[in-house]
Amino acid sequence: MQSLHQTDEILRDRYRIVAPIGEGSMGTTYEAEDLTNYKRVAIKVVSLRQMQDWKIIELFDREARVLANLQHPSIPKYLDRFDEDTPTDRRFYLVQALAPGESLAASVEKGWQPKERQVRKMALQLLDILNYLHGLTPPVIHRDIKPQNIIRDSKGKLYLVDFGAVQDVYRNTLTRGGTFVGTLGYMPHEQFRGQVGAASDLYALGATLLFLLTGKSPAELPQKRMKIDVRRHVKLSSEFAWWLEKMLEPATEDRFASATEAASAISGQLQLQPLAGSTKALSLTSFSHFLLEIDRDKLICKIRPNWFIVVSLSLIVGIAGVVFFPIFFVLIFSLLSLAREQTLIIDRHRFSLESRLMTATLSRITGKTSDIKLVDVEMRVQSKGKSMTFITIWEGVTKHDFGLSLDRSEKKWLAAQISDFLNLRQLG
């Protein structure tokens with residue numbers, strides 16, 4: 001694409017061009033100096049003569065309107081919007097504060113590769129931005145989160161730039177042609193169908209973090225059933241690997257429900273809390289109803305009763321026994337399932353799974369650890385179409401159910417922890 005402006009050229013008697021920053025399929029972004037205050041700004045320029053789709057003008061205006069209403073310290077501030085005519089062209093300009101630093105893509109290209117702890121901190125910064133954008137009315141979906149669009153300054157602060165991706169998405173979805181320039185590997189599957197939402201940005205963020213950890217575009221990493229095997233390509237702690245895998249789930253409903261939930265998981269729900277006598281202890285939340293302790297030779301998981309639910313269900317049982325007797329025994333069964341305490345102990349040779357109700361032992365299963373072939377989360381349809389989800393421990397062809405009272409995300413996380421301890425790879 002032909003350069004539209006030269007160094008030291010003055011625009012609108014105010015902005016002096018310093019240097020081009022980047023070039024996209026529809027225009028160029030320049031670093032410039034605002035001569036009224038001598039501050040550096042970023043100017044995005046779109047040329048009518050060079051554009052291939054008239055719809056771009058409308059979408060460029062939409063981008064400017066969105067930016068004009070955004071107020072976040074990690075989103076460069078909107079400053080100005082103007083048009084200019086030349087004898088052969090009409091040009092559209094968008095001016096923002098300049099984000100200091102360089103893109104994550106440029107840093108990685110120079111050899112920078114952050115460690116897991118750094119990546120976690122960056123994830124929290126970016127999730128804060130997404131939480132702000134997705135919480136607006138209507139929500140703002142960035143649609144093009146990738147290493148090139150995230151700027152990092154010398155102190156580690158991140159900035160999210162370039163809110164014009166909707167233009168590329170529109171053009172390629174509309175014409176069914178061309179390529180998604182610079183976004184292949186970062187776009188979730190639903191976005192290729194023109195369907196985007198908050199979960200789409202979460203996928204793109206997960207893919208960006210994976211790039212930082214591996215130094216490779218996610219498009220270069222092999223997939224199985226449309227999913228990247230994160231643990232195969234980078235060595236991570238089990239809890240962060242689980243978190244990243246959830247961000248990169250192919251189906252939107254399997255990802256975190258929101259940026260807030262994802263941030264809560266990475267900052268509070270997956271804290272490492274050392275306990276006496278163990279190498280590490282893992283607990284999903286301070287409100288969690290289970291405790292997981294792991295050292296090199298032993299795994300102990302205790303699932304405690306959720307007494308709030310138990311007490312609430314007890315009241316319902318009492319009422320049902322009087323008002324609607326036929327469901328009385330169904331509720332009693334559910335109550336007993338939730339009130340029991342389960343303890344799973346696995347060492348390098350033997351395992352045991354015990355269920356207790358108060359002081360009474362309901363059941364106890366023991367076996368050889370080497371006979372455990374798979375630990376997975378399984379949903380089964382019960383009578384009258386009701387479904388229940390368990391952690392399933394496969395001892396050969398025999399399966400043992402575990403963790404019914406946990407929610408689905410806790411079950412998936414816990415199954416991954418147990419599998420890692422056993423060095424198992426979950427199927428699918």
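Residues satisfying the salt bridge (charged side-chain N to carboxylate O under 4.0 Å, His left out) criterion with Arg255, sequence neighbours excluded, are Glu190. Every residue meeting the side-chain contact (heavy atoms from CB on, under 4.5 Å) condition with Pro100, not counting sequence neighbours, appears here in chain and number order: Asp153, Tyr159. In this view, Ala68 and Tyr78 satisfy the side-chain contact (heavy atoms from CB on, under 4.5 Å) rule, not counting sequence neighbours. Evaluation of the salt bridge (charged side-chain N to carboxylate O under 4.0 Å, His left out) rule for Arg65 yields no partner, not counting sequence neighbours. Legend: residues meeting side-chain hydrogen bond (donor to acceptor under 3.5 Å, both in side chains) with Asp34, ordered by chain and number and at least two apart, are Arg14, Thr36. The salt bridge (charged side-chain N to carboxylate O under 4.0 Å, His left out) check on Lys157 picks up nothing, with sequence neighbours excluded. Legend: residues meeting side-chain hydrogen bond (donor to acceptor under 3.5 Å, both in side chains) with Glu249, ordered by chain and number and at least two apart, are Lys227, Lys412. Residues that satisfy the salt bridge (charged side-chain N to carboxylate O under 4.0 Å, His left out) test with Arg364, not counting sequence neighbours, are Glu354. The ring pair (Phe, Tyr, Trp, His ring centres under 6.0 Å) test applied to His233 returns no partner, not counting sequence neighbours.
Side chains of Asp376 and Thr392: a donor-acceptor N/O pair is absent below 3.5 angstrom, by distance only. No hydrogens or angles considered: a donor-acceptor pair under 3.5 Å links the side chains of His72 and Asp128. Using a 3.5 Å distance cut-off with no hydrogens or angles, the side chains of Ser237 and Glu116 do pair a donor with an acceptor.
Classification of Glu33 and Lys39 as a salt-bridged pair fails, no side-chain N sitting under 4.0 Å from a carboxylate O. Lys298 has no carboxylate O lying under 4.0 Å from a charged side-chain N of Glu293, or vice versa, which leaves the two without a salt bridge.
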Could you please spell out the steps behind the salt bridge (Lys or Arg N to Asp or Glu O under 4.0 Å) verdict for Asp401 and Lys399?
-> CA-CA 7 Å; Asp401 296 333; Lys399 54 186 178 181; over 6 Å; no
Audit row: Ile43, Gln96, side-chain contact (heavy atoms from CB on, under 4.5 Å) steps and yes/no | CA-CA 6 Å; Ile43 301 180; Gln96 290 179 266; over 6 Å; no
CA sep, side-chain torsions, deciding dist, call: Ile75, Tyr132, side-chain contact (heavy atoms from CB on, under 4.5 Å) = CA-CA 10 Å; Ile75 299 174; Tyr132 166 74; 4.2 Å; yes
Residues Ile300, Leu292; criterion side-chain contact (heavy atoms from CB on, under 4.5 Å); working and verdict = CA-CA 6 Å; Ile300 303 174; Leu292 175 64; over 6 Å; no
With side-chain contact (heavy atoms from CB on, under 4.5 Å) as the test, would you mind laying out the steps for Glu63 and Asp162 before giving the verdict?
-> CA-CA 9 Å; Glu63 179 186 3; Asp162 196 349; 4.3 Å; yes
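Remark: the backbone N or O of Thr343 is not paired with any side-chain donor or acceptor of Lys302 at under 3.5 angstrom. Between the side chain of Thr389 and the main chain of Met379, no donor-acceptor pair closer than 3.5 Å is present. Although no hydrogens or angles enter the test, the distance criterion places no donor-acceptor pair under 3.5 Å between the side chain of Gln195 and the main chain of Gln191. At least one donor-acceptor pair closer than 3.5 Å links the side chain of Gln118 to the backbone N or O of Lys115. The main-chain N or O of Arg143 is found under 3.5 Å from a side-chain atom of Asp201 such that the two form a donor-acceptor pair.
At least one side-chain heavy atom of Ile266 sits less than 4.5 Å from a side-chain heavy atom of Arg120. Using a 4.5 Å heavy-atom threshold, the side chains of Met122 and Leu158 count as touching. At least one side-chain heavy atom of Leu344 sits less than 4.5 Å from a side-chain heavy atom of Ile418. Put simply, the side chain of Cys301 does not reach to within 4.5 Å of the side chain of Leu291, judged on heavy atoms. Between Asn149 and Phe163, every side-chain heavy-atom pair lies at or beyond the 4.5 Å cut-off. The closest side-chain heavy-atom distance from Phe351 to Ile372 is below 4.5 Å. Annotation: side chain of Trp394 is not in contact with side chain of Asp371 (no heavy-atom distance under 4.5 Å). Taking 4.5 Å as the limit, some side-chain heavy atom of Ile228 sits within range of a side-chain heavy atom of Leu210.
Relative orientation of the Phe211 and Tyr186 rings is perpendicular, given thresholds of 30° and 60° on the angle between their planes. Ring geometry, Trp413 versus Trp242: the interplanar angle exceeds 60°, so the pair is classed perpendicular (tilted spans 30 to 60°).
Interatomic distance, CG of Leu205 versus NE2 of His142, reported as 11.5 Å (0.5 Å rounding). The OG1 atom of Thr398 lies 6.0 Å from the CD atom of Glu395; values are rounded to the nearest 0.5 Å. Here CG of Leu94 is found 8.5 Å from OG1 of Thr29. Values are rounded to the nearest 0.5 Å. Note that CD1 of Ile17 is 6.5 Å distant from OH of Tyr30, once rounded to the nearest 0.5 Å. Distance CG/Asn131 to CD1/Ile129: 11.0 Å, rounded to 0.5 Å. With rounding to the nearest 0.5 angstrom, the CD1 atom of Ile345 is 10.0 Å from the CG atom of Leu353.
Sorted by first and then second residue, the side chain to side chain donor-acceptor pair (under 3.5 Å) pairs involving residues 203-218 (not counting sequence neighbours) form an empty list. Each salt bridge (charged side-chain N to carboxylate O under 4.0 Å, His left out) pair with one or both residues in residues 98-113, not counting sequence neighbours, appears once here: Glu102-Lys110. Evaluation of the ring pair (Phe, Tyr, Trp, His ring centres under 6.0 Å) test over residues 93-114, restricted to residues two or more places apart or in two chains, returns His5-Tyr93, Phe82-Tyr93.
Pairing each heavy atom of Leu209 with each of Ala123, the nearest pair is CD1-CB, 3.6 Å. Heavy-atom minimum distance, Ala262 versus Met247: CB-SD, 4.1 Å. Residues Arg231 and Ala241 share a closest heavy-atom pair of CZ-CB, 3.8 Å. Minimum interatomic distance between Ala42 and Leu98 (heavy atoms only, all atoms of both residues): CB-CD1, 3.9 Å. For Gly403 against Lys411, the heavy-atom pair with the smallest separation is O-CE, 3.0 Å. Between Gly185 and Ala207, the shortest heavy-atom contact is O-CB, 3.6 Å.
Note that Arg81 lies outside the cation-pi zone of Phe92, set by a 6.0 Å cut-off to the ring centre and a 45° limit from the axis.
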